[in-house]
Each structure stands twice: as structure tokens, then as C-alpha cells.
Amino acid sequence: MKKLLLVFTVLSLLVSLGACGTAEDPNGNNDDNDILNGENGNDATDNDNDNDNDNDNDNDNGTDNGNGTDDVFDSELERFTTVLEYLQTYHYKDIATEAFFQAAIEGLFRGLDDPFSSYFDASEYERFQQSLGESFVGVGITVENIDNRPVITKVWSGSPAESAGLQTGDTITHVDGTDYRDKTYFDILGVVIGDEGTDVEIGVKRPGVEDTIFATMTREQIDNPSVESQIIEYDDESVGYIKVNTFGDQTFNLFTDALNDLEEANIDGLIIDMRNNSGGRLTTVTQMLRLFLVENDELPMFSTQQIINGEMSEPNRYMASRSAPRDYDIMTLVNQYSASASEVFASAMKQHGGYDVIGQPTYGKGTMQGGFSPEPVGEDSLHISVGKWLTPDGTWVNRGDGDQEHVYPTIDVSPSELFTLRHLYLPGDITYEYDDVSIATVKPMQIMLNAFGYGEIRHDGYFDSATQTALEAFQSDHDLEVNGTLDSSTAQKLNESLIEYREDFLNDLKVVTALDELTNP
């Protein structure tokens, strides 16, 4: 009986995989319809379907669409159960049945070749949902799936990760001694995020550093504000600036409050910064777009499509509702880490609103994910790619197989070298001094010293006498030992100065471009 129950569990999961192309769970569980998942694991859910002719998924499990699906399914299921029975009967090891089935389920997801679909156990799902809030327990990093590698794309200021020396661009290779180079983003999310006060060791591979870098950190509560805003005074005008870090549970209300405050201050223009925003709730981005875009019966803000009965549905259109535009111009900033829901926002502002988008081509993630908890999986959750979103003109933006690979800006601006420079890392007691050569360490130090005003020195990685003089001046200005040697304390102070440099809007080419466009149209 236990064996039959377990086989039925696998059968139920297989049927769910085949039939849950819509957001309606075939087992009667409807956990947030129309989900759009970002790179950092944030859902974007929308229970507010704009069309009255929403498609219901009323088909029975295992429905044959006339293409022999039932026959193939039954045959493969029989093959699977036969293999299982033979293993249980003849293999010399005592097979742990639950672990065996868990591995089989994980194999189903690996077979999809889709890094955005995953099986969450109850604790992983809880942590996944926590990422949608304004704070979370962790070490203070954003990890994104870039070219099938778990890459750190953000390190929170003042976080355990920053203190431990983790940097943007590091690729996670190990967690607590386990090799995670072949794991998915969701696998890593489940082990990096944990309980407050517990330790985690993370190993990373850093460009230019041969050995894996290991750092042990204590998890803590990390503030994760989804919205940050301020007024920038520029060229005798006031420009509002709103940074949207994710489309989370409270983002729309926070965004609306920020917008109201800026408008009460009589701003002359608005910058909406979507850089490094890897997604979120579809409900949130829909509500935010409706704050700006004007009703147009012919053109949606965006559309979604889902698989129904094995075929792609007609587009479900999300319409704007304003009667008139805001009385100021708006610029949206994007980069290569703007993904999913942030791409929805940028493309809608560009195509529907006619507003400029400034920066670099976006990540290119055009799929939506649905969360399902059919009865046999208990408190666990299936996170499955169920469809795709389309730009206002019906374009599917998805790297690899979309109509186009990215959302392209109207004004191309690449960041300055200081905004892509990696932090300095000196393992152990390693130092660099006069006559040393290092492209990975001395060169970025020279670039920093140039930008910080310590002379126009070479920046090719050769530590010459002019470099030594510039470094001594920096050490003197920052109360360090003046020895002309790049050691760990000097490297840390250079890294801190780099962070301060990047926080100044006037050093940010994309922000400055937006300010120029808004104040000098």
C-alpha cells in the first residue's frame, strides 16, 4: 500500500507538470494566479485578470489531446515503476524510499532545462516568500542565474557579506562545504537564507583570483527596502528619483507614497531606476504602470499568455486606466540585471507611454512562474514556468528563444569604469608594492586612485613610482600607515571610497544623462 501511495504521488506530480500550463491548479489549489518570477526568486502574482474571458483550466488530469499523450505517459510510467521495483528487489543497498522519490522529483525539474522552475520544500518556500518583504534573514546578497551560474549581483551595505569581502560578480561555488556549481538558483536560495544567528560558509570564484574564496558569515535581519526616493537639485530644477529594488508585497504602497511626496515638492521631472531589479509581483508592476500610462483601447500595457490544453492561449491584455499623463517627463533606467517584471515596466513605459529608457539592454527573461501546492506535496510547493509575457506591441522578450533577446533602451548609456570595477581582494598576508605587476589587483587600484584625484597615473597593472606616490597620498588622507604598499587595510579603505564614489549621483553616467534629458529637453 505504501508503495502504491508513493507511485500515486509521482503520478500526481507528473500530471501536474503536464497540465498546469495555466495558473489554475488542476488539483484545486490556486496559489496566486499569473505569476511572473524574477531572477532573484521574487514572484510577481496577479489575481486581477483584465479580460472578462479568462481561460479556466477545467480539463481533467491526463486528458488525451489526440496526439497519443496518454499512451506515452502510461508506457513511461510503467517503465519507471518497473525500474523502481527492480531496484528495490535486487539492489544490495536498502533504498531509502522517500529520498529516492525526492531525487526523482528533482530529476523531473532538472529535465525541464528551465532554471526558473523548481520544487520547494516547506522551509524553502517560506524563505522564498520572505524575499518579497521589506526585510529578510540572510547574509545580504542578491544572487542571480546568469549563463547558468549563480552570480552575486548585489552586496548590501553594512551586511555580513560586505564585511566578509564578498563582491558583485563573484560566482557561488560552495555552501557549507557542498559543491553548488551544478545547482540551480533556487537550490542556492534555500541554503544561503536561513535562521537568524546561524552561520553559513560560502565559497566563491572571483575573476582574476585562481583559488576559491571562502567566507563564513552569521545570518542576520537584512533591511531590504523595495523603494528608495529623493529629490535631486540639478541645473536649477528639481528632479524626483525613485529606486525600485523589487516588486514586493508592499512596493506599490511605498512607491505611491514616494511619488506623492515628490509631487508635493513640485518636481520638474522623474527618474525611475530599475537597475538590478530582477522582478517581483505582477500585480505590483501592473498597479505601478497604471499610475503613469493613459488609457488606450488599442494598445495594452503588456500581455500574458499561458499554455492551456497543450496550446498557447490568446494574449490576456493588461490595460492602462489614466485619462491624462503626468505633467512632467519620466525617464526609466535599466541595465543588464533588470529582469522579468522590471522589463515589463520598462517596455511598457517605452512602447505604451513613449517615455525614454536609458541604459543598457536588459536581461531578457520573458517567462512567468506559477506556484502550486497539490495535496500530495503537503506544505511543499511546485514553482513552474507556465507562460510568458509580451510587450505592448506583442513582442516576446526572452534570451535564447524570444522574438528579441532584450528590452533595448532608447538612449544607450554604459556605466563608467568605476561602476563596473571589482573591489580589491587581498587573500591572507599578500601585499603589492613598487615594481609588482597585477592586472587583477594593481590595475583597479590605479583606476581608483585616478578617479579619486590622486594624479593621472598609469593603469595597466604595473606598480611604478608614480603609483607609489599616489598611494602614499591616499594613505595619508585616510589616516593609514604611509608606506606606499597596498595591504589589506589600504585595500579596504579604497573599497569604501569606491562605494562612496558610486553613491554620488553626479558620478553616475546614467543618472546624469537622465538629468540632462529632463532639464534640457
Side-chain angles (χ1 to χ4, degrees), residues 138-142 151-172 199-220 222-223 415-455 457-459 461-464 466-504 507-508:
V139 297
I141 57 175
T142 293
V151 178
I152 296 174
T153 59
K154 179 179 179 179
V155 178
W156 266 256
S157 178
S159 67
E162 184 183 54
S163 299
L166 297 186
Q167 299 178 16
T168 298
D170 289 346
T171 300
I172 294 179
D199 290 343
V200 59
E201 182 193 63
I202 296 178
V204 299
K205 178 63 180 174
R206 181 169 300 162
V209 178
E210 183 176 353
D211 296 331
T212 300
I213 300 167
F214 291 93
T216 299
M217 294 150 282
T218 300
R219 300 178 178 96
E220 63 182 41
I222 305 293
D223 289 333
S416 68
E417 192 171 24
L418 268 292
F419 280 77
T420 59
L421 201 64
R422 302 186 189 280
H423 288 197
L424 300 176
Y425 172 72
L426 275 69
D429 297 327
I430 292 178
T431 60
Y432 292 89
E433 56 189 18
Y434 174 73
D435 207 32
D436 284 340
V437 178
S438 174
I439 298 297
T441 306
V442 175
K443 179 177 179 177
M445 176 195 70
Q446 292 170 324
I447 294 171
M448 291 183 198
L449 292 172
N450 271 316
F452 300 159
Y454 290 94
I457 60 176
R458 67 194 301 162
H459 49 87
Y462 174 63
F463 202 131
D464 65 354
T467 299
Q468 184 178 24
T469 300
L471 186 59
E472 289 172 348
F474 177 85
Q475 290 172 329
S476 177
D477 287 346
H478 292 84
D479 297 324
L480 298 166
E481 180 184 354
V482 181
N483 55 18
T485 298
L486 179 62
D487 51 24
S488 58
S489 58
T490 303
Q492 180 179 351
K493 187 60 66 173
L494 282 165
N495 289 336
E496 292 172 1
S497 298
L498 180 62
I499 292 172
E500 292 175 5
Y501 181 93
R502 291 172 175 173
E503 290 175 346
D504 187 341
N507 294 325
D508 190 331

Is it the case that the side chain of [X] and the backbone of [Y] share a donor-acceptor pair, with hydrogens and angles ignored and the cut-off at 3.5 Å?
{"X": "S497", "Y": "K493", "answer": "yes"}
{"X": "D170", "Y": "R206", "answer": "no"}
{"X": "Q492", "Y": "S488", "answer": "no"}
{"X": "E433", "Y": "G484", "answer": "no"}

Is there side-chain contact between [X] and [Y], with heavy atoms separated by less than 4.5 Å?
{"X": "D464", "Y": "T467", "result": "yes"}
{"X": "L449", "Y": "L494", "result": "yes"}
{"X": "M445", "Y": "T441", "result": "no"}
{"X": "N507", "Y": "L418", "result": "no"}

Nearest heavy atoms of [X] and [Y], plus distance in Å:
{"X": "M448", "Y": "L424", "result": "CE-CG, 3.9 Å"}
{"X": "S159", "Y": "I222", "result": "CB-CD1, 4.3 Å"}
{"X": "P444", "Y": "I439", "result": "CD-O, 3.3 Å"}
{"X": "S489", "Y": "L480", "result": "O-CD2, 4.2 Å"}
{"X": "Y462", "Y": "V442", "result": "C-CG1, 4.2 Å"}
{"X": "T490", "Y": "Q475", "result": "OG1-NE2, 3.1 Å"}

Nearest 0.5 Å, what's the [atom1]-[atom2] distance between [X] and [Y]?
{"X": "L421", "Y": "N495", "atom1": "CG", "atom2": "CG", "result": "9.0 Å"}
{"X": "Q468", "Y": "D435", "atom1": "CD", "atom2": "CG", "result": "10.5 Å"}
{"X": "T485", "Y": "L471", "atom1": "OG1", "atom2": "CG", "result": "7.5 Å"}

Sequence-distant partners of Y454, side chain to side chain donor-acceptor pair (under 3.5 Å), two or more places apart: D477

